[in-house]
Number of protein chains: 2
Amino acid sequence: MDAEAIKRSLEGSGLRCTPQRYAVMAFLMENNSHPTAAEIFEAVNQVDPRSSRATTYNNLRDLVKAGLVREVAVEGRAARFDAKGMRHHHFICDRCGNVEDIEWYDVPRPASGSLDKRILRECEVIFRGLCAKCAPRHASR
Amino acid sequence: MDAEAIKRSLEGSGLRCTPQRYAVMAFLMENNSHPTAAEIFEAVNQVDPRSSRATTYNNLRDLVKAGLVREVAVEGRAARFDAKGMRHHHFICDRCGNVEDIEWYDVPRPASGSLDKRILRECEVIFRGLCAKCAPRHASR
DNA sequence: ATATAACATTAGATATAGTCTAAATTACTT
DNA sequence: AAGTAATTTAGACTATATCTAATGTTATAT
Ligand SMILES: [Mn+2]
Ligand SMILES: [Mn+2]
Ligand SMILES: [Zn+2]
Ligand SMILES: [Zn+2]
């Protein structure tokens with residue numbers, strides 16, 4: 001995706017296209033590795049302009065609030081982030097905590113009775129188990 | 001559930017039934033409110049014997065490892081815990097972060113191609129939106 | 001029963017993740 | 001160009017969780 005498209009998507013969400021914010025968004029769009037805030041901070045500071053830690057966190061929060069970025073909470077580890085491109089589910093490794101994309105498919109909604117007075121926004125599936133890297137080690141333990 | 005049953009389930013997992021560990025397990029079994037570690041710590045210290053903060057965390061970790069307790073990570077908030085009784089899914093409120101149980105139903109597995117070399121242990125669904133308490137406030141905003 | 005080893009608890013220090021503050025700067029509007 | 005609201009920043013601060021190492025407890029072996 002080109003720079004103009006990123007700029008437009010930021011502005012379409014009412015966010016100014018600052019160099020720091022652009023860098024976060026661009027990094028997430030070219031990396032489907034679900035980096036942590038610390039990793040993103042480090043990555044965007046490899047190149048000018050520099051971005052402070054607070055700004056990295058601020059921008060991640062703004063981007064999540066704007067719906068451009070998704071935050072994935074992982075038990076006992078730092079949150080991870082990805083740009084919301086195509087819809088997809090996530091696989092989280094029991095052992096290393098890595099988050100990986102799984103092709104999207106529709107999830108049957110719960111019976112409306114069990115939702116009660118709640119307002120449902122989305123159903124996401126979290127797959128758990130061992131990632132391709134950890135699966136072999138497990139077998140030989 | 002009675003005390004003996006808790007004792008047996010702990011010992012069945014190779015864990016000694018200490019007063020502190022028992023207190024954590026018993027509290028989780030009679031509370032389906034998905035408390036945080038801090039809330040559990042406070043609750044088990046309302047009654048003797050007292051349990052330290054480190055012990056509460058240690059025991060929660062042991063119980064999760066033993067498969068008796070589930071840890072639920074919530075974006076931007078402290079982890080929450082529940083005793084693994086009947087299988088169920090979770091609803092997480094966008095606004096207040098509360099975790100609520102949703103009746104279990106089977107989730108279709110992903111195409112085996114998209115799982116690749118991963119070993120799948122479970123598929124859980126996370127429902128998101130507004131809980132019954134937060135839904136009205138949202139409408140009138 | 002006693003010794004021994006394994007398991008568990010504890011207070012407090014430490015680590016990690018993330019937020020807040022308030023001053024300076026920047027991006028957009030007119 | 002000037003005005004203004006959004007953004008950035010360093011570093012202090014908070015929240016959450018883990019670690020350390022000394023002490024206490026329970027289980028097993030003799
Ligand atoms: Mn993803
Ligand atoms: Mn639950
Ligand atoms: Zn892994
Ligand atoms: Zn709520």
Side-chain angles (χ1 to χ4, degrees), chain A residues 3-4 6-25 27 34-45 47-66 68-69 71-81 97 99, chain B residues 6-8 10-27 34-45 47-66 68-81 96-97 99:
Chain A
E4 269 308 311
I6 292 180
K7 184 159 187 274
R8 275 196 305 277
S9 79
L10 292 177
E11 288 169 351
S13 302
L15 296 171
R16 287 185 184 166
C17 184
T18 66
Q20 293 84 355
R21 187 171 285 154
Y22 176 92
V24 168
M25 195 64 204
F27 180 72
H34 307 89
T36 62
E39 288 164 353
I40 295 165
F41 168 67
E42 198 182 7
V44 302
N45 276 294
V47 295
D48 276 335
R50 307 196 87 69
S51 183
S52 77
R53 218 163 53 89
T55 295
T56 304
Y57 275 101
N58 287 345
N59 280 330
L60 283 169
R61 174 194 279 183
D62 294 343
L63 292 168
V64 168
K65 213 182 314 183
L68 297 173
V69 164
E71 176 176 353
V72 184
V74 183
E75 298 73 17
R77 306 185 188 250
R80 293 168 168 280
F81 299 87
V99 176
Chain B
I6 292 180
K7 184 161 186 273
R8 275 197 304 276
L10 291 176
E11 288 170 351
S13 301
L15 296 171
R16 288 183 184 166
C17 182
T18 67
Q20 294 83 355
R21 187 171 286 153
Y22 176 91
V24 169
M25 195 64 204
F27 179 73
H34 307 89
T36 63
E39 288 164 350
I40 295 165
F41 168 67
E42 198 182 7
V44 301
N45 276 297
V47 294
D48 276 336
R50 309 197 91 71
S51 182
S52 78
R53 218 164 50 91
T55 296
T56 304
Y57 276 100
N58 286 345
N59 281 328
L60 283 169
R61 174 193 281 182
D62 294 342
L63 291 168
V64 168
K65 214 182 313 183
L68 297 174
V69 164
R70 168 149 61 156
E71 177 176 353
V72 184
V74 183
E75 299 72 17
R77 306 186 189 248
R80 293 169 168 280
F81 299 87
C96 70
V99 176

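Order of the sequence lines fixes the chain letters, A, B, ..., with proteins taken first and strands second; residue numbering starts at 1 for each chain.
- Distance CZ/A:F41 to CZ/A:R50: 8.0 Å, rounded to 0.5 Å.
- Look at CD on B:E75: it is 15 Å from P on D:dT16, rounded to the nearest Å.
- Residue-level contact check: B:R53 touches the bases, meaning some heavy atom is under 4.0 Å from a base atom.
- A heavy-atom distance below 4.0 Å to DNA chain C is reached by these residues of residues 55-63 of chain A, ordered by number: A:Y57, A:R61.
- Straight-line distance from the CD1 atom of B:I40 to the C1' atom of D:dT16: 14 Å, rounded to whole Å.
- Recorded end-axis angle for the helix from C:dA1-D:dT30 to C:dT30-D:dA1 stands at 40°, based on five pairs per end and rounded to 10 degrees.
- No engagement by B:E71 is indicated, since no non-hydrogen atom pair under 4.0 Å with the nucleic acid exists.
- Distance B:E11 CD to C:dA8 P: 11 Å, rounded to the nearest Å.
- As judged by a 4.0 angstrom heavy-atom cut-off over every strand, A:A38 is placed among residues making no nucleic acid contact.
- Phosphate proximity of D:dT25 to B:Q20: absent, as no side-chain N or O sits under 4.0 Å from OP1 or OP2.
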Next item on the list: Report the C-alpha distance between B:V24 and B:T55 in whole Å, list the side-chain angles of each, state the deciding distance to 0.1 Å, and finish with yes or no for side chain to side chain contact (heavy atoms under 4.5 Å, CB included).
Entry: CA-CA 10 Å; B:V24 169; B:T55 296; over 6 Å; no
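- Residues A:A79 and A:E71 approach most closely at CB-OE2, 3.5 Å, considering heavy atoms.
- Heavy-atom neighbours of B:E42 CD from other residues, nucleotides or ligands within 6.0 Å: at or below the threshold of 12.
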Next item on the list: Check the pair B:L10 / B:L68 against side chain to side chain contact (heavy atoms under 4.5 Å, CB included), numbers first and verdict last.
Entry: CA-CA 8 Å; B:L10 291 176; B:L68 297 174; 4.0 Å; yes
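- Distance A:F41 CZ to C:dG18 P: 14 Å, rounded to the nearest Å.
- Annotation: side chain of B:N59 is not in contact with side chain of B:L15 (no heavy-atom distance under 4.5 Å).
- Along DNA chain C, the nucleotide closest to B:T18 and the one closest to A:T36 are compared, and the more 5′ of them pairs with B:T18.
- Atom CZ of A:R21 is separated from atom P of D:dT9 by 11 Å (rounded to the nearest Å).
- Looking at A:R80, its side chain never comes within 3.5 Å of a backbone N or O of A:V74 through a donor-acceptor pair.
- Between B:Y22 atom OH and D:dT26 atom C1' there is a gap of 19 Å when expressed in whole angstrom units.
- B:E39 places a side-chain N or O within 3.5 Å of a backbone atom of B:T36 that can act as its donor or acceptor partner.
- When atom types are taken as modelled, the side chain of B:R21 and the backbone of B:R16 share a donor-acceptor pair closer than 3.5 angstrom.
- Distance A:R50 CZ to D:dG11 P: 14 Å, rounded to the nearest Å.
- Distances shorter than 4.0 Å separate none of the side-chain N or O atoms of A:S52 from OP1 or OP2 on D:dG11.
- Among the protein residues, A:A54 comes within range of the nucleic acid bases, having at least one heavy atom under 4.0 Å from a base atom.
- When the nearest nucleotides of DNA chain D are assigned to A:R16 and B:R80 by heavy-atom distance, the more 5′-ward of the two goes with A:R16.
- To the nearest 0.5 Å, the span separating CG on A:L60 from CE on A:M25 amounts to 10.5 Å.
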